[in-house]
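One structure is given below, encoded as structure tokens.
In this text the structure is predicted, and so the values were computed from the model without any measurement. Note: hydrogens, waters and symmetry copies are ignored here, and every other heavy atom, side chains too, is used. In this chain, numbering begins with 1 at the start of the sequence shown. Order of appearance sets the numbers: ligands from 1, and atoms from 1 within every ligand.
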Amino acid sequence: MIPSELKHELQRRIASAITNREAAVDVMKALQAHYGWLSDEAVLEAAGLLGLSPLQVEELATFYEMIYRRPVGQQVIHVCDSISCWAMGGASLMDCVAELLGIRPGETTADGLFTLLPCCCLGNCGQAPTLMIGDRIHGKVTAESVAAFLAELRQSTALINLVVTTENLI
Ligand code: FES
């Protein structure tokens with residue numbers, strides 16, 4: 001269930017949008033950030049807030065590839081598979097990330113830290129090949145640089161998890 005503070009914030013954003021539909025992606029992303037993914041319950045909540053039918057929200061959710069209708073890891077890695085990145089080695093970048101994580105595209109690591117997904121152009125074609133981790137875009141990615149990102153990310157995510165666990169114990 002949406003915390004009342006988040007609900008009021010979303011109602012405020014919807015009220016300031018020209019149409020409720022315009023606010024739909026914003027609402028879905030906020031609910032996704034809260035739940036970790038856009039569950040069926042979250043679709044119903046989004047529909048209720050937006051005054052749209054659950055089917056209309058579902059249509060929008062499945063159109064945007066950054067909206068996750070299945071559980072994902074704490075960090076989602078999107079590897080661009082559009083033309084510029086493909087021409088600059090995007091396919092081997094995907095293979096490289098998959099091998100480093102020990103999963104295939106579409107899967108989540110057993111520790112729940114990473115999900116690997118292909119995606120359409122990230123608008124960073126001049127820096128191909130490109131991938132996005134969370135909200136951060138990385139260009140001109142090489143096998144070496146991606147190995148370094150992942151090691152860094154594993155460490156920082158493990159640290160965040162440790163802090164959250166410790167806070168819950170206090
Ligand atoms: S083709 Fe990959 S960022 Fe545009």
Whether over 12 other heavy atoms sit under 6.0 Å from Met88 CE:
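It does not: Met88 CE has 12 such atoms or fewer within range.
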What orientation do Tyr68 and His78 show, parallel under 30°, tilted 30 to 60°, or perpendicular over 60°?
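Tyr68 and His78: parallel rings.
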Hydrophobic cluster of Met1, others only, ordered by chain and residue number, side-chain cut-off 4.5 Å
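Besides Met1, the cluster holds no residue at all.
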Check which hydrophobic residues are tied to Ile18 through side-chain heavy-atom contacts below 4.5 Å, counting indirect links as well, and list them.
none
Under the criterion salt bridge (Lys or Arg N to Asp or Glu O under 4.0 Å), I'd like the reasoning laid out for Glu58 against Arg69: C-alpha separation, chi angles, the key distance, then a yes or no.
CA-CA 9 Å; Glu58 178 72 30; Arg69 287 291 281 120; 2.8 Å; yes
Restricting to under 2.8 Å, identify the protein N, O or S atoms around atom 4 (Fe) of ligand 1 as residue plus atom.
Cys121 SG, Cys125 SG
Listed pairs under 3.5 Å, donor-acceptor, residues 94-106 side chains, sequence neighbours left out:
| residue | atom | partner | partner atom | Å |
| --- | --- | --- | --- | --- |
| Arg104 | NE | Glu107 | OE2 | 3.3 |
| Arg104 | NH2 | Glu107 | OE2 | 3.0 |

